[in-house]
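Since the model is a prediction, treat every value here as computed from it, not as a measurement. These numbers come from the heavy atoms of this one structure, side chains and all, not from hydrogens, waters or symmetry mates.
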Amino acid sequence: QVHLVESGGGLVRAGGSLRLSCVVSGTTVSSGVVGWYRQAPGKQRELVAKTRIYGIPNYADSVKGRFTISRDNSKNTVYLQMNSLKPEDTAVYYCYRDPAYWGQGTQVTVSS
């Protein structure tokens, strides 16, 4: 059975940084597509960043230059480094592994 468990969310001031982690079990992060999505109150879930084993990661325009997705195959973990956070980054962040595996989400709140 596949499980994705996120951690690292919290409350941070604008301009601050957070690093989200997603530990995956039951499948690997070394192949396939892994990524991060987010959902703010009253809004649809949206892509933040995703990456596959080969190729350049994809980022939402709103986070380019501020967020970085990475993976550690030895730990079967996916990360999202978030810098220069803005209040509009406030959302629940979800880890994703294709074809359709999701974590439970971790709350990120950025105060102005």
Side-chain angles (χ1 to χ4, degrees):
Q1 195 169 6
V2 177
H3 291 284
L4 286 70
V5 180
E6 302 100 332
S7 62
L11 173 63
V12 64
R13 290 185 177 180
S17 298
L18 286 173
R19 188 177 80 154
L20 305 183
S21 300
C22 174
V23 179
V24 180
S25 59
T27 187
T28 66
V29 302
S30 59
S31 62
V33 177
V34 293
W36 291 91
Y37 287 71
R38 67 187 181 187
Q39 187 167 18
K43 295 187 177 181
Q44 291 188 331
R45 190 173 298 189
E46 63 176 2
L47 172 70
V48 176
K50 65 178 180 180
T51 183
R52 58 186 73 241
I53 187 65
Y54 302 111
I56 299 173
N58 296 327
Y59 294 95
D61 288 342
S62 59
V63 307
K64 283 181 181 177
R66 301 188 297 121
F67 290 11
T68 303
I69 187 172
S70 62
R71 71 178 96 194
D72 185 332
N73 294 338
S74 68
K75 296 181 179 180
N76 218 32
T77 299
V78 184
Y79 301 98
L80 184 69
Q81 179 66 45
M82 306 186 295
N83 299 328
S84 301
L85 283 160
K86 303 176 180 180
E88 51 263 43
D89 295 318
T90 295
V92 178
Y93 284 71
Y94 296 92
C95 181
Y96 168 82
R97 167 57 166 100
D98 72 331
Y101 300 113
W102 295 90
Q104 81 288 351
T106 186
Q107 176 71 46
V108 172
T109 303
V110 184
S111 63
S112 57

Donor-acceptor check, side chain of [X] to backbone of [Y], threshold 3.5 angstrom: yes or no?
| X | Y | answer |
| --- | --- | --- |
| Tyr59 | Gly65 | no |
| Ser30 | Thr28 | no |
| Glu6 | Gly105 | yes |
| Thr106 | Ser7 | no |
| Arg97 | Gly103 | no |
| Asn76 | Val24 | yes |

Kindly indicate whether the side chain of Val110, heavy atoms from C-beta on, has any atom under 4.5 Å from the side chain of Met82. no

Output the distance between atom [atom1] ([X]) and atom [atom2] ([Y]), rounded to the nearest 0.5 Å.
| X | Y | atom1 | atom2 | value |
| --- | --- | --- | --- | --- |
| Arg66 | Leu85 | CZ | CG | 6.5 Å |
| Leu11 | Gln107 | CG | CD | 9.5 Å |
| Tyr79 | Cys95 | OH | SG | 11.5 Å |
| Glu88 | Arg38 | CD | CZ | 8.0 Å |
| Thr68 | Arg19 | OG1 | CZ | 11.5 Å |

Answer yes if [X] and [Y] sit in the same cluster of Ile, Leu, Val, Met, Phe, Trp and Tyr residues linked by side chain heavy atoms under 4.5 Å apart, and no otherwise.
| X | Y | value |
| --- | --- | --- |
| Tyr94 | Val108 | no |
| Tyr93 | Tyr96 | no |
| Val29 | Val2 | yes |
| Leu47 | Val92 | yes |

List the atom of [X], the atom of [Y], and the distance in Å for their closest heavy-atom pair.
| X | Y | answer |
| --- | --- | --- |
| Tyr101 | Asp98 | CD1-O, 3.7 Å |
| Ser21 | Thr77 | CB-CG2, 4.3 Å |
| Leu80 | Ala49 | CD1-CB, 4.3 Å |
| Ile69 | Gly35 | CD1-CA, 3.8 Å |
| Val12 | Leu18 | CG1-CD1, 4.0 Å |
| Pro87 | Ser112 | CG-CB, 3.9 Å |

Using a strict threshold of under 4.0 Å (side-chain N to carboxylate O), is an ion pair present between Asp89 and Lys86? no

In terms of ring plane angle, is the pair Tyr37 and Trp102 parallel, tilted or perpendicular, where the classes change at 30° and 60°? perpendicular

